[in-house]
Amino acid sequence: MRRSMGANRGLIFAFLCFVVLHGWALYSAEAAVHYYDFILEESNFTRLCSNKSMLTVNGTFPGPVIRVQRGDTAYVNVHNQGEYGVTIHWHGVKQPRNPWYDGPENITQCPIPAGTNFTYEVIFSDEEGTLWWHAHSDWTRATVHGAIVISPPTGTDYPFPIKPDAEEVIILGSWFKGDVMGIIENALATGAAPNLSDALTINGQPGDLYECSRDSTFRLLVESGKTYLLRIINAVMNEEMFFGIAGHNITVVGMDGAYLKPVSVEHIMITPGQTMDVLLTADQTPSHYYMAGSPFADSFAPFDRSTTTAIVQYTTGNYTPPPMPASPSLPAYNDRDAAENYMGLLRSLADDEHPINVPKNVTTSLYITVSVNQIDCNGTCGGPDGNRFAASLNNISFVTPNVDILEAYYHNLPGIFERDFPAEPPFYFNFTGDVGENTLYPSVGTKARLIDFNETVEIVFQGTNVANADNHPLHVHGYSFYLVGFGRGNFNNETDPINNYNLEDPPLVNTFGIPKSGWVALRFVADNPGVWFIHCHLERHSSWGMDTVLIVKNGTTGATSMRTRPNYMPPCSAP
């Protein structure tokens with residue numbers, strides 16, 4: 001349920017009731033305030049010839065769309081009518097000075113208990129384009145997620161080469177026949193890998209290639225000659241995705257709530273957590289065409305190998321629909337060249353109306369190795385050689401505490417977390433070569449890294465060949481960052497900044513894949529004080545400990561300091 005208005009007290013109260021009933025929005029001269037009600041509840045669905053009950057928002061999968069303009073604020077009242085505690089995260093929304101409402105469970109808040117409600121204040125700043133929201137408790141995001149559409153301010157428009165005639169949200173997702181919470185709880189209890197998804201979906205539907213799915217396949221209706229803005233979100237749990245539309249090129253114009261230089265492509269590669277804005281012009285012979293998503297998984301780990309489809313259906317012209325629509329030619333699941341070539345095409349728009357400011361003088365540097373690991377449990381666990389699956393950053397596997405880290409930091413509570421996450425790996429080796437078993441077993445702990453306010457930060461994430469090399473999509477809460485470089489092999493701090501950095505127009509993103517056995521370099525100014533989660537958006541890796549916390553200290557003024565704690569935050573399970 002959406003409620004929107006520009007003010008909420010005084011003489012307009014009676015008029016507010018009319019606004020709520022009719023879904024209208026009143027906008028102030030500077031920014032609007034929007035109100036939404038999210039009802040978390042179990043709902044019944046039928047997919048793949050079977051029925052299941054699962055947690056949803058307002059009974060829909062995917063959940064409702066939040067629509068705002070740049071700089072607006074939204075209040076989202078989450079009523080938890082489910083069976084267990086849940087939190088909601090506003091992925092890509094920076095929440096300036098406002099980590100209290102960022103959402104990751106036991107990082108910035110404890111879960112909203114079943115039978116209670118909690119209102120999030122979601123503060124939008126310079127984001128513009130498409131972002132998304134999702135649950136941030138264990139694996140609840142599999143069914144609890146939806147789009148955030150951020151329009152330009154009044155009086156401005158999208159800087160696209162073609163003005164779109166209409167738009168559509170396209171959400172790639174995962175479908176599990178089993179209970180997703182049960183799947184991850186069992187995996188963590190036994191140390192084994194969690195079950196794979198049973199299907200991939202487009203807007204909640206698996207598509208024609210799955211059993212019992214043809215009649216419900218999502219259809220995008222288009223008219224010849226018109227252009228459509230597709231807001232693509234990868235909400236898939238554990239697979240990066242190639243996506244394309246048969247017979248049609250698409251023009252990529254935005255990513256993660258920021259604009260890109262337009263680039264025409266046959267397909268995109270989009271990791272879990274990323275959003276991409278693309279333009280589709282209906283310029284082909286009227287017919288039916290498949291849009292399709294298939295996994296990119298250059299790894300030895302098992303993954304969902306299926307392909308989800310939807311239909312682009314022309315509504316103009318006389319034609320007989322084909323028995324089966326044409327399919328796009330997507331790269332092979334392990335085509336890392338295709339994935340990395342696409343990554344290299346993405347550059348910030350960086351024009352006069354949309355300037356960028358890439359940090360040049362780094363004052364704080366972090367070098368963080370990213371690994372899949374194992375924990376020895378004397379042959380009693382369900383992972384390789386009787387061990388437990390784990391994952392790490394700088395060889396530390398993160399342990400989520402029972403009291404949220406933000407609360408502990410704000411009140412200086414002892415024993416909840418340590419402040420010594422290292423600025424570099426504990427020891428150096430050939431990270432992308434033959435690593436042997438020397439680094440197979442990580443240390444375990446709850447560690448954060450503290451950064452002074454307004455430091456210029458560079459983080460180099462280094463993939464490793466420990467246990468199983470993979471492409472890891474890392475997400476940083478509270479910030480967008482410039483992705484200034486990436487490459488294969490071990491990062492060289494002398495030659496790579498000279499030969500492989502782009503400091504002119506790198507993309508401004510909040511999630512980006514670390515190439516298998518390679519590295520990425522990102523930069524940002526630490527001007528958003530608070531406690532911010534950093535984690536892999538392959539959900540199994542985050543569950544195994546591929547996480548850490550960045551704490552940006554307060555500045556010297558109230559305007560550069562974290563906002564005070566709200567009067568009510570959901571209670572924690574431990575004192």
Side-chain angles (χ1 to χ4, degrees), residues 36 38-41 43 54-68 74 76-80 82 84-95 99 101-109 111-112 118 120 122 124 127 129-150 169-176 180-181 183-184 197 200-204 231-241 256-257 270-276 400 473-478 509-511 532-543 547:
Y36 289 85
F38 277 14
I39 311 299
L40 277 165
E41 59 188 350
S43 304
M54 66 190 199
L55 192 68
T56 64
V57 168
N58 298 352
T60 63
F61 173 69
V65 178
I66 290 178
R67 296 184 183 275
V68 298
V76 184
N77 193 354
V78 178
H79 306 261
N80 186 3
Y84 42 81
V86 179
T87 68
I88 304 293
H89 169 54
W90 320 97
H91 188 113
V93 182
K94 299 179 184 68
Q95 291 278 42
Y101 298 108
D102 187 49
E105 181 175 329
N106 289 10
I107 305 299
T108 60
Q109 71 167 96
I112 306 166
F118 179 65
Y120 289 90
V122 187
F124 296 90
E127 306 91 355
T130 306
L131 297 173
W132 65 304
W133 59 265
H134 61 81
H136 215 303
S137 301
D138 295 315
W139 278 27
T140 46
R141 82 163 176 87
T143 61
V144 178
H145 60 253
I148 300 174
V149 172
I150 309 168
V169 170
I170 302 293
I171 299 183
L172 307 175
S174 301
W175 184 266
F176 296 83
V180 289
M181 290 293 283
I183 288 171
I184 187 56
S197 55
L200 302 167
T201 61
I202 295 177
N203 286 358
R231 302 178 178 277
I232 304 172
I233 299 166
N234 187 349
V236 174
M237 293 293 282
N238 288 304
E239 284 82 22
E240 298 168 296
M241 300 288 288
D256 285 2
I270 183 168
T271 75
Q274 286 182 332
T275 65
M276 292 187 185
T400 303
L474 266 291
H475 173 47
V476 179
H477 289 225
V509 298
N510 62 64
T511 308
W532 306 110
F533 201 30
I534 299 176
H535 63 98
C536 183
H537 232 282
L538 297 181
E539 212 63 29
R540 65 180 184 273
H541 291 170
S542 184
S543 298
D547 323 292

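Everything numeric in this text was worked out from a predicted model, so none of it was measured.
Here the OG1 atom belonging to Thr87 is positioned 7.0 Å from the NE2 atom belonging to His136, to the nearest 0.5 angstrom. Distance CG/Leu40 to CG/Leu55: 5.0 Å, rounded to 0.5 Å. Taken to the nearest 0.5 Å, the CG atom of Asp547 stands 7.0 Å off from the NE2 atom of His535. To the nearest 0.5 Å, atom OG of residue Ser543 and atom CG of residue Asn238 are 8.0 Å apart. Atom CD1 of Ile88 is separated from atom CD of Gln109 by 9.0 Å, given to the nearest 0.5 angstrom. Note that CZ of Phe533 and NE2 of His89 are 10.0 Å apart. Values are rounded to the nearest 0.5 Å.
Using modelled atom types, one finds no donor on one side chain facing an acceptor on the other under 3.5 Å when comparing Thr275 with Trp132.
Within the 3.5 Å criterion, the main-chain N or O of Met237 finds a donor-acceptor partner in the side chain of Ser174. Of the possible polar contacts, one joining the Trp133 side chain to the Pro64 backbone as a donor-acceptor pair under 3.5 Å is found.
Within the 4.5 Å cutoff, no side-chain heavy atoms of Ile148 are placed close to those of Glu127. Residues Ser542 and Trp139 are not in side-chain contact: their nearest non-hydrogen atoms beyond the backbone lie 4.5 Å or more apart. When side chains are defined from C-beta on, Gln274 does not count as touching Val509, because their heavy atoms never get closer than 4.5 Å. Ile39 places none of its side-chain heavy atoms less than 4.5 Å from the side chain of Val57. No side-chain heavy atom of Val86 sits less than 4.5 Å from a side-chain heavy atom of Ile112.
Residues Gly257 and Leu131 share a closest heavy-atom pair of N-CD2, 3.7 Å. Contact between Ala142 and Val180 at its shortest, heavy atoms only, is CB-CG1, 3.9 Å. The two residues Tyr120 and Gly103 make their nearest non-hydrogen contact at CE2-CA, 4.4 Å. Across every non-hydrogen atom of Ala135 and Thr140, the tightest pair is CB-OG1, 3.1 Å. Closest heavy-atom contact between Pro62 and Thr60: O-OG1, 3.0 Å. The two residues Ala147 and Ile171 come nearest to each other via the heavy atoms N-CD1, 4.1 Å.
With sequence neighbours excluded, no residue forms a side chain to side chain donor-acceptor pair (under 3.5 Å) with Asn234. Under the side chain to side chain donor-acceptor pair (under 3.5 Å) criterion, Glu105 pairs with Ser137, not counting sequence neighbours. Remark: Asn106 engages Cys110, Pro111, Thr400 in a side-chain contact (heavy atoms from CB on, under 4.5 Å) (not counting sequence neighbours). For Val149, the side-chain contact (heavy atoms from CB on, under 4.5 Å) partners are Val65, Arg67, Ser151, Glu167, Val169, Arg231, not counting sequence neighbours. Under the ring pair (Phe, Tyr, Trp, His ring centres under 6.0 Å) criterion, His145 pairs with Phe61, not counting sequence neighbours. Residues forming a side-chain contact (heavy atoms from CB on, under 4.5 Å) with Ser43 (at least two apart in sequence, or on another chain): Glu41, Phe45, Thr56. Checked against side chain to side chain donor-acceptor pair (under 3.5 Å), Gln95 has the following partners two or more places apart in sequence or in another chain: Asn98. For Trp90, there are no side chain to side chain donor-acceptor pair (under 3.5 Å) partners two or more places apart in sequence or in a different chain.
No close placement of the Phe38 and Phe118 rings is indicated, their centers lying 6.0 Å or farther apart.
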Please step through side-chain contact (heavy atoms from CB on, under 4.5 Å) for the pair Ile170 and Ile202, ending with a clear verdict.
-> CA-CA 7 Å; Ile170 302 293; Ile202 295 177; 3.9 Å; yes

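Ring geometry for His134 versus His537: interplanar angle over 60°, hence perpendicular rather than tilted (30 to 60°). The aromatic rings of His477 and His91 lie tilted to each other, with the angle between the two planes from 30° to 60°.
Applying the salt bridge (Lys or Arg N to Asp or Glu O under 4.0 Å) test to residues at least two apart or on different chains, the pairs with a partner in residues 134-143 are Arg141-Glu539.
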